[in-house]
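What follows is a set of notes on a single structure, which appears directly below.
In this text, all values refer to a predicted model and were calculated from it rather than measured experimentally. Residue numbers begin at 1 in each chain, while the letters A, B, ... track the order of the sequences.
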Amino acid sequence: MNKPKRYTVTAALIYANGPIHIGHLAGCYVPADVYVRYLRAAGEDVAFISGTDEHGVPITIKAKKEGTTPQAVVDKYYGIIKKSFEDFGISFDIYSRTSKEIHHKTSQDFFVKMYDKGYFDEVTTEQYYDETAGQFLADRYIVGECPNCHNPGAYGDQCEKCGSTLSPTDLINPRSTFSGSKPVMKATNNWYLPLDRMQPEIEKYVNSHPEWKANVFGQCQSWLKQGLQPRAMTRDLDWGIKVPLKDAEGKVLYVWFDAPIGYISMTKEWAEQAGKRWEDYWCDEDTKLVHFIGKDNIVFHCIIFPAMLMAEGSFILADNVPANEFMNLENDKISTSRNWAVWLHEYLEEFPGKQDVLRYVLLANAPETKDNDFTWKDFQTKNNSELVGIFGNFVNRTTVLTNKYYEGVVPEKGELTDFDKQTLETLAQLPGQIGESLRNYKQREALAGMLEVARLGNKYLADTEPWKVIKQDEERVKTIMYVALQITATLSIVCEPFLPFTAEKLRKQLNLEHKGWSEAGKDDLIKTGTKIEEAELLFEKIEDSVVEAQVNKLLETKRQNELEGKEVTPLKPEITFDDFAKLDIRIGKILEAEPMPKSKKLLKFLIDDGLEKRTILSGIAEHFSPEEMIGKQVTFIANLAPRKMMGVESNGMILMAEDKDGSLSLLQPHKEVWSGATVS
RNA sequence: GGCGGGGUAGCUCAGAUGGUUAGAGCGUCGGAUUCAUAACCCGGAGGUCACGGGUUCGAUUCCCGUCCCCGCUACCA
C-alpha cells in the first residue's frame with residue numbers, strides 16, 4: 001500500500017485465565033510496542049489497541065475449580081495482566097476487556113449485520129445435554145473413560161493422560177461435570193460461517209500478500225490447501241455474549257467470533273475518550289491495519305477474522321500479520337501448567353528496574369523466523385557485554401569526560417577533521433536504516449542497528465583519544481566531546497522503541513527534550529552550553545550467582561513437576577470375579593514386528609499365542625522400535641473383539657505400564673514362560 | 001502419512017531473482033589501550049551453508065529424493 005495516513009496496530013487479546021510470561025512478551029507484545037513506539041516517534045498517527053479476552057469455556061472451568069464465578073476470575077486476571085504490561089512499558093493507547101458493554105453491543109451488531117446479509121447457515125446438530133442442570137454441555141464439561149487408554153477422567157475434547165484428541169461421543173460412560181448425571185443427546189441449532197463457500201475470496205486476500213513472513217504465509221497456504229470448513233459461530237453456553245436473535249436463548253457467540261471484534265470495540269472506546277473518530281481507524285482504505293500475534297493465532301487473524309470482516313462489509317483488512325514463532329525456555333517449551341516459565345511479576349520482584357534488560361534480550365533473540373531459546377546464561381551475557389559493555393559504557397565514558405573537563409557543560413564545536421565528518425555521516429545514516437528495518441518488521445536487525453550507534457561512539461573515542469589529546473591540544477578535545485555527545489543524543493532517540501525506560505533516563509542525564517525520529521542523527525541535537533548531569537550508570541552487571549539462582553529455580557520446578565506431574569489414577573468402580581473372569585489375559589511371544597505404513601504411532605506385531613499366530617496392532621511406535629520388540633514376551637488380552645485400524649485387523653491388545661514421565665514398559669512374566677500361558 | 005516452517009561458524013541467528021574470498025553478535029586466541037562498570041578498540045583462527053542426486057559454464061541459493069527438529073492434521077481397542 002502507499003504511504004498510509006494512519007495506523008491501527010493490535011496486539012493479541014490475551015485470555016484472562018492466568019498471568020503472563022516471557023513467551024507472551026517475546027512473541028507479541030514487545031514487538032508490537034517497539035513498532036508502535038517507532039511509528040509515534042516518526043510522527044505517525046497510531047492507535048495501539050489490546051485487552052483481555054474474557055469469554056469462553058476455559059474461564060468457566062477455572063471458576064468452577066476455584067469455587068468462584070467467571071466474572072471474579074476475569075476481574076482478577078485483567079488486573080494482573082494489565083499491570084504487567086504497564087510495568088514493562090507496553091504503551092497501549094487502550095488496554096480494555098471484552099466484558100465491556102460496548103464490546104457486547106459491537107459484537108452483536110456485527111453478528112446481526114452478517115445474519116441479515118444471509119451469511120450464516122443455521123445447522124442443527126445433536127449435542128450432549130444435561131437434563132438435571134438443564135443445559136447443553138461444552139466438550140470440556142463431559143468426562144468419561146478414554147477409549148484409548150481407559151483413563152476414567154478423560155474430557156470430551158481430549159484425554160490429558162494419553163493426549164488423544166477426542167469428541168464427546170467417543171467417551172465411554174460419559175458424565176456431566178455439573179450434575180454427574182449421564183448426558184443425553186439433544187438437537188440444537190447453531191449458526192455457521194460458511195468458510196468453504198468463502199474460500200475463493202479468502203484465498204484472493206491471502207495471495208495478495210506474498211510479502212507476509214514465510215511462516216505466516218505458509219501456514220495460511222496449509223489451511224487453504226486442506227480446504228476450509230464451515231465453523232460454528234455460536235455455542236450453547238451461558239458465559240459470553242448473548243446471540244442477538246429470537247429463539248437463541250442460552251446461546252452465546254463463539255469466543256473466537258467475539259474476540260477479534262474486540263479490537264474494534266476497544267478502538268471505539270479509546271476514540272471516545274481521546275476525541276477521535278473510530279471509523280478513521282477501521283473503515284478508511286488509507287489506514288494500515290497490523291495485527292501482532294503469536295503463531296498459534298495465525299489462522300484466526302489471517303483467515304477467519306478477515307472472512308468475518310469481508311462478510312460484514314464495512315471494514316478494512318489487515319495489511320500485515322507479523323506473527324512470531326515461539327520462545328522456549330532453557331531448551332524446553334514454555335508451559336503454564338508445568339510452571340515452566342518466567343512470570344513477569346516474578347521477574348520484576350527479582351530484577352527490579354530491569355524491564356529494559358528483558359525487553360532487550362527478548363528482542364535480540366526474538367523468534368522472528370523460527371522458535372528460539374531463552375537461557376539465563378544468554379540473558380547475562382547480553383546484559384553484560386552489550387548493554388553494560390557497549391551501550392552503558394559509551395554513555396558513561398562520554399558523560400564522565402564531559403564532567404571532568406567541562407563541569408558537565410557541552411563544549412563548542414571547533415574545526416571538524418575528516419574522521420569527525422565521517423563519523424557524523426555514519427551517525428546521520430543509522431536512524432534511517434533502523435527505521436527501515438522496523439517498518440519491515442525486522443526488529444533484530446533494527447536492534448543491532450541501535451547498538452551500532454553505541455559502537456560507533458566507542459570507536460570514535462578509542463580513535464580520537466581525548467584523554468591523551470587533552471594534554472597537548474585542549475581546543476581539539478572540545479570538538480571531540482561535542483561529537484561524542486551528539487552520538488549519545490541520537491542514541492537517546494533511537495533506543496526509545498526498544499528500551500523506553502533507558503531512553504527516559506538518558507534524556508534526563510543529558511537534559512534533553514523528547515525529540516522525534518527525524519531529529520535523530522543530526523549533529524547539533526544537544527546544544528553547546530547545555531548542562532548535563534553527573535554520570536550515572538544506565539545498566540549494571542549481572543553476576544554469575546544471580547543467573548545461577550534463576551537456573552536453580554527452574555531445576556527445582558522440574559523436580560517438582562516430576563514429583564507432582566502425575567497423580568495416581570483414581571480407582572475404577574468395583575467389579576465381580578465373574579467380570580474379571582471374562583477377560584482372557586495371556587502371555588505370547590513377539591515373532592515379527594514392523595511399523596504400520598502411513599502411521600506414526602502404530603506398530604504391527606505377529607504374536608505366537610501357543611495356538612496360532614495372531615496379528616496385534618499397538619500404538620507404541622513412539623516408544624519402541626520394531627527391532628527391540630522382536631523375541632519379547634508380552635502380556636495381551638486375547639479375547640478382545642477384533643478391530644480394524646488403517647485397513648489391518650488387530651486381534652487383541654498388548655498391556656503396558658505407564659511410568660510417571662509417560663514412558664511405557666512391557667508387562668512380562670518374571671521368568672520366561674511358555675507361549676499361551678494364561679494369567680489369572 | 002498429509003500440509004506448513006526450519007536444518008548455515010563452538011553458541012544464538014542473518015543472508016543469497018544462482019556468480020569472484022558465505023555474514024553478524026557472543027565465545028575463543030593474539031595485539032593495542034587506560035577516559036570507562038577488568039569495560040572499550042584492532043586483528044586472527046573457526047563453515048564440504050543436513051545428506052544424496054539433477055538442471056547449469058557455475059548451486060549453499062533452483063528441482064527431485066532421503067534424514068532430523070517444530071507446528072497443525074489423521075491413525076492410538
Side-chain angles (χ1 to χ4, degrees), chain A residues 146-150 159 162-166 170 172 213-227 295-296 298-299 325-326 328 333 361 364-375 377-378 380-382 384-405 442 444-445 447-448 451-452 454-455 457-470 477 480-481 484 535 537-541 595-603 616-622 637 640-648 650-654:
Chain A
C146 172
N148 307 320
C149 70
H150 299 278
C159 171
C162 67
S164 334
T165 309
L166 304 172
D170 296 337
I172 303 166
K213 291 171 58 173
N215 58 334
V216 175
F217 193 77
Q219 190 63 234
C220 292
Q221 296 304 330
S222 176
W223 278 84
L224 291 171
K225 259 183 216 167
Q226 284 174 35
K295 70 170 168 185
D296 50 333
I298 289 174
V299 64
E325 299 282 298
F326 283 155
N328 292 328
K333 214 174 280 185
V361 175
N365 234 346
E368 283 179 354
T369 55
K370 59 183 174 194
D371 288 359
N372 255 349
D373 201 26
F374 176 94
T375 64
K377 184 70 201 150
D378 185 56
Q380 180 193 27
T381 303
K382 288 228 158 51
N384 291 357
S385 59
E386 295 174 22
L387 291 178
V388 176
I390 294 170
F391 189 125
N393 188 220
F394 166 62
V395 171
N396 190 45
R397 299 169 81 180
T398 308
T399 47
V400 163
L401 288 173
T402 305
N403 276 292
K404 196 163 171 180
Y405 300 153
K442 293 184 174 174
R444 297 166 58 120
E445 188 178 275
L447 189 71
L451 204 65
E452 196 54 40
R455 285 203 162 94
N458 277 320
K459 183 166 168 51
Y460 180 75
L461 288 181
D463 290 353
T464 52
E465 300 180 304
W467 51 90
K468 266 191 191 166
V469 178
I470 193 79
V477 174
I480 293 173
M481 291 318 299
L537 299 180
L538 292 173
F539 303 99
E540 54 190 31
K541 284 211 154 187
M596 275 291 281
K598 300 195 171 192
S599 167
K600 211 192 279 179
K601 296 186 180 171
L602 287 174
L603 291 183
I616 295 184
L617 302 185
S618 183
I620 57 171
E622 285 166 314
I637 300 181
L640 195 62
R643 167 84 176 221
K644 223 175 190 185
M645 280 180 285
M646 307 200 67
V648 175
S650 176
N651 296 284
M653 173 171 166
I654 297 174

Remember a base hit wins even if backbone is also touched, and classify [X] as base, sugar-phosphate or nothing at under 4.0 Å, heavy atoms.
X	result
A/Asp373	sugar-phosphate
A/Asn365	sugar-phosphate
A/Lys404	sugar-phosphate
A/Leu537	base
A/Phe217	nothing
A/Glu445	nothing
A/Leu538	base

Taking the side chain of [X] as its heavy atoms from C-beta onward, which of [options] lies nearest to it?
X	options	value
A/Val388	B/U37, B/C3, B/C26	B/U37
A/Asn458	B/G71, B/C40, B/G25	B/C40
A/Arg397	B/C41, B/A36, B/C26	B/A36
A/Asn396	B/A36, B/C41, B/G71	B/A36
A/Trp223	B/U33, B/C72, B/A36	B/C72
A/Lys468	B/C35, B/U34, B/C70	B/U34
A/Ser385	B/C26, B/C3, B/U34	B/C26

To the nearest Å, give me how far apart [atom1] ([X]) and [atom2] ([N]) are.
X	N	atom1	atom2	result
A/Lys295	B/G4	NZ	P	16 Å
A/Lys225	B/C72	NZ	P	19 Å
A/Glu386	B/A24	CD	C1'	11 Å
A/Asn215	B/C3	CG	C1'	15 Å
A/Leu224	B/C72	CG	P	18 Å
A/Gln219	B/G6	CD	C1'	13 Å

TODO: Could you check A/Val216 against A/Lys213 for side chain to side chain contact (heavy atoms under 4.5 Å, CB included), going step by step and ending with a plain yes or no?
DONE: CA-CA 5 Å; A/Val216 175; A/Lys213 291 171 58 173; 4.2 Å; yes
Nearest-angstrom distance, [atom1] atom, [N] to [M]:
N	M	atom1	answer
B/A9	B/G54	P	26 Å
B/G7	B/G15	P	10 Å
B/G30	B/G53	C1'	44 Å
B/A45	B/G5	P	37 Å
B/C72	B/C29	C1'	47 Å

Open item on the list: Does B/A39 have OP1 or OP2 under 4.0 Å away from a side-chain N or O of A/Lys541?
Closed with: yes
Open item on the list: Tell me whether the side-chain N/O atoms of A/Lys382 come closer than 4.0 Å to OP1 or OP2 in B/C26.
Closed with: no
Task: Minimum-distance pair of heavy atoms, taken over all atoms of A/Ile390 and A/Asn458 - done: O-ND2, 3.1 Å
Task: Within 6.0 angstrom of A/Glu540 CD, more than 12 heavy atoms from elsewhere - done: no
Task: Any-strand Watson-Crick or G-U partner of B/U21, both distances under 3.5 Å - done: none
- [ ] If B/G4 has a Watson-Crick or G-U wobble mate with both distances under 3.5 Å, name it; if not, just say none.
- [x] B/C70
Task: A/Glu368 and A/Arg444, any side-chain heavy atoms less than 4.5 Å apart - done: yes
TODO: Could you check A/Glu540 against A/Ala364 and say which one's nearest nucleotide on RNA chain B is further toward the 5' end?
DONE: A/Ala364
Task: Which residue lies more 5' along RNA chain B, comparing A/Ala366 with A/Ala214 via nearest heavy atoms - done: A/Ala214
